[in-house]
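For reference, the structure is listed below as structure tokens.
In this text, all values refer to a predicted model and were calculated from it rather than measured experimentally.
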Amino acid sequence: MPSSQLAGHTVSRVGFGAMQLERLHEDRPAAVALLRRALDLGVGHIDTAEFYGNGFVNDVIREAAGDDVLIATKVGADPDPGGPIPLRLAQRPEELRKSVEDNLRTLGTERVALVNLRRAELRPGLLAEGDQLVDVDDQLAVLTELRDEGKIGAIGLSSVGLDTFRRALPAGIACVQNAYSLVARDDEEMLRLCVAEDIAWVPFFPLGGAFPGLPKVTDEPAVQAAASALGVTPAQIGLAWLLHHAPNVHLIPGTASVAHLEANIAAGSVVLDAETLAALDAVPSRSLDAALG
């Protein structure tokens, strides 16, 4: 599996997004087995959050993952099991510190390698409003304190616009985690800047279509044609395109299925020639303006 730098660690470019482990809440042994299978296949980067299953996912990672795996978590939202959706924004500095502490507790560690600040300033998903509209400098100040205290190894940004990203660069940003895929490429300028600054690009929703009405990579005729020609699935083509598109891309596809896990990881070995890449690059980019809940 190809590897690259992420938060100062050399890890496989195909990681594991742990959110879907929530679906195995009633079968914890299956969740542990799935994660261990990912590690057996060479995954070296796990993406999580305390609000995934109200700590359940972090607890599974605590049991299944060893010290040689890069764990990345995110803050900016907290669990809200009784709410209309199971999370609420938590953007204020004191909330960010508490969220980091909660992640450390449920992960069973004194330090997490990478913490992504979910800014909630871009669709899709929740947008910050009211007292949740917090200046990024105030947020980075508390995360920098936590880094200086040794509780955070590196700081990343998520759901962030280009202007905010530029403002945040002096704080030392290790990665950007925005919604991005073959069918949603609004962030090309930010991606180019990340390449120039040696900052990892970690797209979520890498196949689009996470919410109703959003475009799906696997629906594209060019993707289906490439999959047929190469004898792989359309999803594998979508993931492979991301890896070919820029050298700093790290994938975090999620699943609760061992078969899908193995297919996602195999996408790291799919080779796309120049003609296929040109056909995929010609797919139009569309909006991701969708609300959550």
Side-chain angles (χ1 to χ4, degrees), residues 4-9 11 13 15 17-19 45-52 70-78 87 89-93 95-97 99-100 103 112-129 132-148 151-181 184-206 210 242 246 248-252 288 292:
S4 185
Q5 285 288 303
L6 175 62
H9 300 256
V11 297
R13 291 181 68 197
M19 181 176 67
H45 165 212
I46 299 172
D47 179 83
T48 187
E50 173 68 14
F51 54 83
Y52 292 169
L70 188 153
I71 305 297
T73 192
K74 62 185 67 65
V75 295
D78 283 341
L87 60 83
L89 291 182
Q91 297 278 304
R92 297 193 303 273
E95 292 174 315
L96 298 178
R97 175 173 281 277
S99 294
V100 169
N103 275 279
V112 64
L114 173 61
V115 171
N116 289 305
L117 167 61
R118 187 73 176 268
R119 276 280 295 170
E121 64 182 67
L122 297 180
R123 297 289 194 190
L126 295 172
L127 295 180
E129 57 186 9
Q132 291 298 307
L133 285 169
V134 181
D135 191 277
V136 69
D137 291 340
D138 295 333
Q139 295 176 315
L140 290 172
V142 70
L143 293 178
T144 300
E145 289 174 2
L146 288 159
R147 187 175 60 190
D148 292 344
K151 295 179 178 181
I152 290 176
I155 298 169
L157 297 172
S158 179
S159 290
V160 64
L162 182 60
D163 289 344
T164 301
F165 172 60
R166 291 184 186 279
R167 284 182 58 196
L169 282 174
I173 301 302
C175 75
V176 173
Q177 190 181 90
N178 276 10
Y180 180 87
S181 70
R185 306 190 301 275
D186 287 347
D187 284 334
E188 287 297 292
E189 185 177 354
M190 197 185 314
L191 173 53
R192 288 192 296 269
L193 183 55
C194 283
V195 172
E197 296 285 342
D198 197 25
I199 294 170
W201 186 258
V202 187
F204 66 88
F205 300 163
L242 287 163
N248 61 334
V249 169
H250 286 259
L251 300 181
I252 49 170
L288 286 177
L292 177 61

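For the residue pair A154 and A174, the shortest heavy atom distance occurs at CB-CB, 3.8 Å. When all heavy atoms of F204 and R118 are compared, the pair lying nearest together is CZ-NH2, 3.6 Å. When all heavy atoms are compared, the tightest approach of L251 to P203 is CD2-CG, 4.1 Å. Across all their heavy atoms, A90 and L96 have their closest contact at O-CD2, 3.4 Å. Considering every non-hydrogen atom in both C175 and L114, the closest pair reads SG-CD2, 3.7 Å. Closest heavy-atom contact between R167 and P170: O-CD, 3.2 Å.
Side-chain contact between L242 and Y180 is present, with heavy atoms from C-beta onward closer than 4.5 Å. Between S99 and F51 the shortest side-chain heavy-atom distance does not fall below 4.5 Å. The side-chain heavy atoms of E188 and L191, taken from C-beta on, include a pair separated by under 4.5 Å. I252 has its side chain within reach of H45: a pair of non-hydrogen atoms, C-beta onward, lies under 4.5 Å apart. With a 4.5 Å cut-off on side-chain heavy atoms, Y52 and D47 count as touching. Counting heavy atoms from C-beta on, the side chains of L193 and R166 come closer than 4.5 Å. Put simply, the side chain of E189 does not reach to within 4.5 Å of the side chain of F165, judged on heavy atoms. Looking at L6 and L70, their side chains come closer than 4.5 Å, going by heavy atoms from C-beta outward.
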ask   = Given I199 and L169, is the side-chain contact (heavy atoms from CB on, under 4.5 Å) satisfied, shown in steps?
value = CA-CA 10 Å; I199 294 170; L169 282 174; 3.5 Å; yes

query = Given I173 and I155, is the side-chain contact (heavy atoms from CB on, under 4.5 Å) satisfied, shown in steps?
reply = CA-CA 6 Å; I173 301 302; I155 298 169; 4.3 Å; yes

query = Passes side-chain contact (heavy atoms from CB on, under 4.5 Å), V160 versus M190? Steps please.
reply = CA-CA 10 Å; V160 64; M190 197 185 314; 4.3 Å; yes

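Atom CD1 in I71 sits 4.0 Å away from atom CD1 in I46 (nearest 0.5 Å). If you take CG on L140 and CZ on R119, they are separated by 8.0 Å, rounding to the nearest 0.5 Å. L122 contributes atom CG, which lies 8.0 Å from atom CG of L127 (distance to the nearest 0.5 angstrom). Atom NE2 in H250 sits 12.0 Å away from atom CD in Q177 (nearest 0.5 Å).
Atom CG of D198 has 12 or fewer heavy atoms from other residues, nucleotides or ligands within 6.0 Å.
Side-chain atoms of N116 do not come within 3.5 Å of backbone N or O of V176 as any donor-acceptor pair. Formation of a donor-acceptor pair under 3.5 Å by the S4 side chain with backbone atoms of N248 is not found in this model. Not a single donor-acceptor pair under 3.5 Å links the side chain of N178 to the backbone N or O of S158. A donor-acceptor distance shorter than 3.5 angstrom exists from the side chain of E121 to the backbone of G161, with no hydrogens or angles considered. Judged by distance alone, with hydrogens and angles left aside, the side-chain atoms of R13 form a donor-acceptor pair with the main-chain N or O of V249 at under 3.5 Å. Checked by atom type and distance alone, the side chain of D135 pairs as donor or acceptor with a backbone atom of D137 at under 3.5 Å. In terms of modelled atom types and a separation under 3.5 Å, the side chain of K151 and the main chain of V112 share no donor-acceptor contact. One N or O on the side chain of Q132 and one on the backbone of Q91 form a donor-acceptor pair closer than 3.5 Å.
Residue V75 forms a side-chain contact (heavy atoms from CB on, under 4.5 Å) with just one option from I152, L146, N103, and that option is N103.
Between R92 and D138, none of the side-chain N atoms (NZ, or NE/NH1/NH2) sits under 4.0 Å from a carboxylate O, so this pair counts as no salt bridge.
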